[in-house]
Amino acid sequence: MTTKHKGGKSAVGPGNHLFHDVLIIGSGAAGLSLALRLPGHLRVAVLAKRELAETNTFYAQGGISAVLDESDSVDAHVADTLDAGSGLCDATVVRLVVAAGPSNIRWLLEQGVQFTRSEQGSPGIYHLTREGGHSHRRVIHAADATGRAVETTLEGEARARPNIELFERHIAVDLITASKLGAHQNRCLGAYVLSIADHRVRTFQARFVVLATGGSSKVYLFTTNPDVATGDGIAMSWRAGCRVANMEFIQFHPTCLYHPQAKSFLITEALRGEGARLLRPDGSRFMPGFDERAELAPRDIVARAMDHEMKRLGAECVYLDISHKPAEFIREHFPTVYSRCLDFGIDITRQPIPVVPAAHYTCGGVVGDHDAQTDVPGLYAIGETAYTGLHGANRMASNSLLECLVYSERAAEHIARCDAVVPRPAPPPPWDESRVTDSDEEVVVSHNWDELRRFMWDYVGIVRSNKRLERAKRRVDMLRYEIREYYSSFRVTNDLLELRNLVEVADLIIRSAQHRRESRGLHYTLDFPKPDDAFQRKPTILIPDSYSPRSD
Ligand SMILES: Cc1cc2nc3c(=O)[nH]c(=O)nc-3n(C[C@H](O)[C@H](O)[C@H](O)COP(=O)(O)OP(=O)(O)OC[C@H]3O[C@@H](n4cnc5c(N)ncnc54)[C@H](O)[C@@H]3O)c2cc1C
C-alpha cells in the first residue's frame, strides 16, 4: 500500500464504508459460481469493473471439458491434461479437478444453462465436441457461444438472490491486510474500491475476500481478452504478500481477428478443425513447412509459425481461409464468427480472414491451496487469476472454465466451514486522498500503457531470448518507477489503476521467463530451445518481500 492509505483524514460517510461477510472481486464464471454456492445467510458483495457480463467468461466459445461419455474416463482426462502440461502439472490437483467435472456440469444444468443437445439417434443427451489435446469427445458446449450461455444464466440467478449485492463499475484498488496496518496476526480485511460513477474510493470490509479477477492478457498488444483482463488480482495479491507462480506460461491463441475496429475477437480453432488454411499475404500456404499436422498442429506451434512468418515478411497479419467450404456449412457451423466478421465487412464464405496470434490465457497466477486459500489468511483466489497447478506449462482447451467451477465450489465449502469461527474485524481506516491532486498529465498514463503492451509483445511474446528479456526488464523497471511516482501524487483513475497493475504483472512475467532457462510448454526461448530435466516438475514461484508463511 502507499502513503495514500495512511492518516485517515477523509470523513467516513455512511456510504463510504460497507461491510459484507464475503467480498468477491470479479463477476465471471468463478466469481458468480462462488456467490451462488455460498450459504444464503451470508451477505455477499460481487464487484465488476464494467458491466457484470463484461468478462473473459462471456467470450468463451468452445465449451467446458468433463468426463460425460461412457467411453471416456477420469484417467483419460487426467492423462491428457498431464500431457498438455509438459511435466509441470500437479497430478493431485489434476485428478481432483477432473473428478469433480461431471457434478459441476450438473450444477450448471441446475442453474439453467442450455447446452447444445445431441442430434436424434446420437448417443447421450448433450452434444460433446473434441478439442486439441483431448483424446475423447468431452467438451460440452452451447453452440459456439458457451461462455455467453454460462455468464448470462449465472448473472440472472445472482440478480435474483437477496443475499447477493452486485456492484458494477467498481474497481478494487488494493487489498487491506491486518499486517500492513501493524497487526501481529495477518488477515485480509477487505479492499479499497473506486466507484466509477462518483470517483469515490470506498472501504469494502469483509470477513472473507475472494479474488476472481481473471487473467492478465491485456499486458500484450494483441489479445483475445476484453479490456478488464489487466491482472489486477495478481498484482493486488503480490502487493499484499502472496506468492505468484508460473507467470511465464502465457497461452497465445493463433487466430484473433486483425481489424482496426475489432478489439479482440477470437476465431475459434474449430475452423482449422474443419479445414481452414493459413495463408501468407500473397496467398501461399505455410503451415505444412512447419509441422506435418499443418493447421492442425497444437496451438503453440501454429502461433510460433505465424509469428515467424509475420516477423520474416514484416507482415501485419496472415490470413485464415475457409471459403472453399460450402457457404451453408460455414453459416451453420460458425454463426458467431460469420456474423461478427460480416460486421467488419469480411464475408468468410468468400474471403480469407486477416488474423494475428494473440495473448489468450494466463496459466500462472496467485498461489492457492486445494481450498483456494492464498498465503494471506482470509484471502482466496479462484479462476484464471489463480495458480492451482492444474495447467502446468500449457493449458488444455476447455479446462479453464472447469477450473473456475471446481475451485468456486471448494472455496464456497471452505468459507462455509470457517463461517462460525471468523468474527467481524474492526473497521480499517478509510482511504486517504489528502495528499494527492487531480492529474494534469494524463498523457503519461496513455503513453506508458501503449509502450508497455508493445514491448511485451515484441520482447516477451511468443518467442523470447535472453537479450529480449533483458531489454524488456530495463524498460519495465523504468515504467514501474514512473508509475509509482505518478500514483503517489495523483488521484486514482481506472486507467492509472490498470496500468499500475499491468506493469506489476509484466515484471512478474519477465522475471519468471528469465528464471526458466529452458523451453517448455508455452515458454519458448531461442537461447535454451529444448526442455531441461533440471526444471521438470518445478513451477516458477516468485516470493514478494512482504511474504510470510501462514501459521495455520
Ligand atoms: C475469447 C475467449 C475464448 C475462450 N474460450 C474458452 C473455452 O471455450 N473454454 C474454456 O474453458 N475457457 C475458455 N476461455 C478462457 C476462459 O473464458 C477464462 O479462463 C475464464 O472465463 C475466466 O473466468 P474468471 O471468472 O476467472 O474471470 P473472468 O471471466 O475474466 O472475470 C473477471 C472478472 O473480474 C473483474 N475484475 C477484474 N479486476 C477487477 C478489479 N480490480 N476490481 C473489480 N473487478 C475486477 C472483471 O470485471 C470481471 O468481472 C476463453 C477465453 C477467451 C478470452
Side-chain angles (χ1 to χ4, degrees), residues 24-28 30-31 47-59 167-175 191-196 201 210-240 242 244 247 250-253 256 263-264 358-366 381-387 400 442 444-457 460-461 472 476 479-480 482-484 486-487 492-510 512:
I24 302 173
I25 308 176
S27 61
L47 309 185
K49 279 209 277 197
R50 304 273 162 93
E51 294 71 37
L52 212 67
E54 185 59 2
T55 58
N56 271 3
T57 300
F58 185 86
Y59 297 98
F167 295 87
E168 292 178 296
R169 304 173 73 75
H170 278 72
I171 304 171
V173 177
D174 255 323
L175 297 166
Y192 293 113
V193 177
L194 173 71
S195 153
I196 294 297
V201 177
V210 186
L211 296 168
T213 45
S216 55
S217 292
K218 278 299 274 191
V219 78
Y220 288 99
L221 184 61
F222 297 116
T223 174
T224 62
N225 289 193
D227 286 348
V228 294
T230 51
D232 297 4
I234 296 171
M236 285 192 285
S237 69
W238 176 256
R239 291 193 289 269
C242 295
V244 165
M247 289 300 290
I250 304 291
Q251 188 168 63
F252 290 85
H253 196 286
C256 183
K263 257 189 162 170
S264 48
H360 185 53
Y361 186 80
T362 311
C363 291
V366 188
I382 55 174
E384 191 169 338
T385 205
Y387 163 79
S400 38
E442 275 298 316
V444 173
V445 174
S446 55
H447 174 89
N448 285 343
W449 182 286
D450 292 343
E451 188 184 339
L452 175 77
R453 297 182 68 211
R454 166 67 69 181
F455 77 67
M456 284 301 287
W457 180 257
V460 198
V476 89
L479 283 189
R480 283 180 86 206
E482 266 183 28
I483 289 158
R484 202 172 294 156
Y486 192 92
Y487 179 78
V492 292
T493 61
N494 180 14
D495 287 351
L496 172 59
L497 291 174
E498 291 187 340
L499 177 61
R500 176 179 178 237
N501 292 330
L502 283 174
V503 168
E504 198 79 76
V505 167
D507 186 56
L508 294 169
I509 296 173
I510 297 166
S512 305

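Residue numbers start at 1 and run along the sequence shown.
- Under the 4.5 Å side-chain criterion, counting only non-hydrogen atoms from C-beta, Tyr361 is not in contact with Ser217.
- Between Asp450 atom CG and Phe455 atom CZ the span is 12.0 Å, to the nearest 0.5 Å.
- Asn501 and Arg239 share a side-chain donor-acceptor pair at under 3.5 Å.
- Residues Ala30 and Ala212 approach most closely at CB-CB, 4.2 Å, considering heavy atoms.
- Of all the heavy atoms in Asn56 and Gly215, the pair that sits closest is ND2-N, 4.4 Å.
- Among Asn225, Thr230, Asp227, the one residue that satisfies the side chain to side chain donor-acceptor pair (under 3.5 Å) test with Lys218 is Asp227.
- In this structure, Thr223 contributes its side chain and Ala358 its backbone to no donor-acceptor pair below 3.5 Å.
- Residues that satisfy the ring-ring contact (aromatic ring centres under 6.0 Å, His included) test with Tyr220, not counting sequence neighbours, are Phe252.
- Nearest approach of Ala48 to Ser27, heavy atoms of both residues: CB-OG, 3.4 Å.
- Phe222 is not listed as a side-chain neighbour of Cys256, based on a closest heavy-atom distance of 4.5 Å or more.
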Checking side-chain hydrogen bond (donor to acceptor under 3.5 Å, both in side chains) for the pair Thr224/His360: CA distance, chi angles, key distance, verdict? CA-CA 5 Å; Thr224 62; His360 185 53; 2.6 Å; yes
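- In this structure, CG on Leu47 lies 9.0 Å from CD1 on Ile24, to the nearest 0.5 angstrom.
- Leu502 contributes atom CG, which lies 11.0 Å from atom CG of Leu479 (distance to the nearest 0.5 angstrom).
- Annotation: side chain of Tyr387 is not in contact with side chain of Val244 (no heavy-atom distance under 4.5 Å).
- Partners of Lys49 according to the salt bridge (Lys or Arg N to Asp or Glu O under 4.0 Å) rule, which considers only residues two or more places apart in sequence or in another chain, are Asp232, Glu498.
- Put simply, the side chain of Thr213 gets close to the backbone of Gly233: a donor and an acceptor are under 3.5 Å apart.
- Between Val445 and Tyr486 the shortest heavy-atom distance is CG2-CE2, 3.6 Å.
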Determine, stepwise, if the pair Glu482 / Tyr487 fulfils side-chain hydrogen bond (donor to acceptor under 3.5 Å, both in side chains). CA-CA 9 Å; Glu482 266 183 28; Tyr487 179 78; over 6 Å; no
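- The two residues Gly365 and Met247 make their nearest non-hydrogen contact at N-SD, 3.6 Å.
- The OG1 atom of Thr362 sits 4.5 Å away from the CD1 atom of Ile250 when rounded to the nearest 0.5 Å.
- To the nearest 0.5 Å, atoms OG1 (Thr55) and CD (Glu384) are separated by 10.5 Å.
- Not a single ring-ring contact (aromatic ring centres under 6.0 Å, His included) links Phe58 to another residue, sequence neighbours left out.
- Contact check for Ile171 versus Ile196: side-chain heavy atoms found under the 4.5 Å cut-off.
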Test side chain to side chain contact (heavy atoms under 4.5 Å, CB included) on Glu54 and Tyr59 and set out the steps. CA-CA 9 Å; Glu54 185 59 2; Tyr59 297 98; 2.8 Å; yes
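- You'll find the side chain of Asp174 reaches within 4.5 Å of the side chain of Arg500, heavy atoms only.
- Ionic pairing of Arg480 and Glu504 is present here: one or more N-O contacts between side-chain nitrogen and carboxylate oxygen are shorter than 4.0 angstrom.
- For the pair Asn494/Arg50, a side-chain contact is recorded, criterion being any heavy-atom separation below 4.5 Å from C-beta on.
- When all heavy atoms of Gly31 and Ile382 are compared, the pair lying nearest together is N-CD1, 4.3 Å.
- Between Met236 and Val173, every side-chain heavy-atom pair lies at or beyond the 4.5 Å cut-off.
- Side chains of Ile483 and Asn448 form a contact here, defined as non-hydrogen atoms less than 4.5 Å apart.
- To the nearest 0.5 Å, atoms CD1 (Ile234) and OG1 (Thr385) are separated by 4.5 Å.
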